Amino acid sequence: MHSEAELVNKLKMRNAAREDIDDVIDFLKECGFINDHDFASDYAAELRDRKKYGKNRIKSELYKKGIDPGIISEILENTEFDRDDLYPLAEAKLNGDFSKKNVDRTVRYFNYRGYDISDIISCINDIRESGDSSEISDELRYDGEDCF
């Protein structure tokens, strides 16, 4: 599935005339094959659920796809982002090592993936205080190996 902007760019790369591009896009919209709102909603859910991206990274990825900023704002408002989702990921990434180097690396890792710094730091502090960072959820293991 592609956004309207992606399809327009693909047609431009093939040297299609602007009139033809507009006609094709209008036809695809009428038939229901292009719907940026549905595409953005599905893509945001995929990025959140499969790639474990945070709000900021999802916003960036949707901009790259050429989605209208109004649609992006609406999608992000309606998408659940729970700090509790970050907790097991950070716990696995830290793996009980709270050295400055490892904490900094973990913060950079999750910041790059679109999580807010304040959420990351708060989550790391919660893990440190719990003292139960040795247990890693079975969901984050693949064939007995850590996913990270």
Side-chain angles (χ1 to χ4, degrees), residues 1-95 101-130 133 135-148:
M1 191 176 225
H2 294 284
S3 69
E4 179 180 339
E6 287 179 309
L7 293 176
V8 168
N9 288 336
K10 285 179 182 245
L11 292 170
K12 282 181 181 178
M13 286 176 39
R14 301 213 184 259
N15 297 322
R18 186 65 201 174
E19 294 174 359
D20 294 338
I21 293 173
D22 291 340
D23 291 342
V24 168
I25 295 298
D26 289 340
F27 174 76
L28 292 173
K29 281 183 179 179
E30 287 173 15
C31 292
F33 294 124
I34 296 179
N35 185 331
D36 277 354
H37 189 277
D38 290 346
F39 170 77
S41 180
D42 293 345
Y43 192 59
E46 179 182 340
L47 293 174
R48 183 195 67 220
D49 297 338
R50 283 192 24 175
K51 295 199 174 190
K52 306 297 185 200
Y53 285 169
K55 193 174 201 171
N56 297 330
R57 180 70 183 267
I58 291 172
K59 182 178 182 179
S60 175
E61 294 294 323
L62 290 174
Y63 275 122
K64 286 181 191 176
K65 295 288 187 179
I67 303 298
D68 181 73
I71 294 174
I72 293 174
S73 296
E74 182 183 339
I75 296 298
L76 293 177
E77 286 174 13
N78 296 331
T79 303
E80 290 278 330
F81 290 97
D82 193 6
R83 200 189 81 129
D84 293 337
D85 295 339
L86 178 60
Y87 190 91
L89 298 172
E91 189 175 35
K93 188 72 174 164
L94 286 167
N95 199 21
K101 180 179 178 181
N102 195 42
V103 169
D104 289 348
R105 182 178 58 87
T106 302
V107 169
R108 283 191 309 273
Y109 177 87
F110 288 110
N111 187 40
Y112 176 75
R113 279 153 186 80
Y115 293 93
D116 290 327
I117 295 277
S118 60
D119 288 342
I120 299 166
I121 292 172
S122 176
C123 188
I124 290 172
N125 288 334
D126 289 348
I127 294 168
R128 185 180 293 157
E129 288 172 8
S130 74
S133 60
E135 292 183 22
I136 298 175
S137 171
D138 290 338
E139 295 175 13
L140 297 176
R141 292 188 178 270
Y142 177 74
D143 292 337
E145 299 287 345
D146 293 343
C147 289
F148 301 106

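None of these values were measured; they are calculated from a predicted model.
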Atom CG in Asp119, atom NZ in Lys55: separation rounded to 0.5 Å? 10.0 Å

Do Lys93 and Phe110 form a cation-pi contact, if we require the NZ or CZ to be under 6.0 Å from the six-membered ring centre and within 45 degrees of the ring's axis? no

Has the side chain of Asn111 got a donor or acceptor atom that lies under 3.5 Å from a matching backbone atom of Val107? no

What closest approach, in Å, do Ile21 and Leu11 show between heavy atoms, and which atom pair accounts for it? CG1-CB, 3.7 Å

Nearest-0.5 Å distance that lies between atom NZ in Lys101 and atom OG1 in Thr106: 12.0 Å

Which distance, rounded to the nearest 0.5 Å, do you find between the CG of Leu89 and the CG of Leu94? 11.0 Å

Quick one, Ile67 with His37, criterion side-chain contact (heavy atoms from CB on, under 4.5 Å). Give me CA distance, side-chain angles, the key distance, then yes/no. CA-CA 8 Å; Ile67 303 298; His37 189 277; over 6 Å; no

Would one find more than 12 heavy atoms of other residues, nucleotides or ligands at under 6.0 Å from atom OH of Tyr63? yes

Determine yes or no for a side-chain-to-main-chain donor-acceptor pair under 3.5 angstrom, with Asp116 supplying the side chain and Ser118 the backbone. no

Rounded to the nearest 0.5 Å, what's the gap from CG on Leu62 to OG on Ser73? Could you check? 10.5 Å

SG on Cys31 to CG on Asp26, rounded to 0.5 Å: 11.0 Å

Would you call Glu61 and Arg57 a salt bridge, using N to O less than 4.0 angstrom? yes

Heavy-atom nearest pair, Tyr115 first then Lys52, reads OH-O, 2.7 Å

Tyr87 and Ser130 have their tightest heavy-atom pair at OH-OG, 3.4 Å

State whether Asp22 and Arg18 are salt-bridged, where the test is any N-O pair (Lys NZ or Arg NE/NH1/NH2 against Asp/Glu carboxylate O) under 4.0 Å. yes

How close do Phe81 and Tyr53 get, counting heavy atoms only, and between which atoms? CE2-O, 4.3 Å

Residues Arg48, Glu80: salt bridge by 4.0 Å N-O rule: no

Spacing of Ile72 atom CD1 and Asp36 atom CG [to the nearest 0.5 Å]: 9.5 Å

Flag this pair as yes if the NZ/CZ of Arg113 is under 6.0 angstrom from the six-membered ring centre of Tyr109 and inside a 45 degree cone about the axis; otherwise no. yes

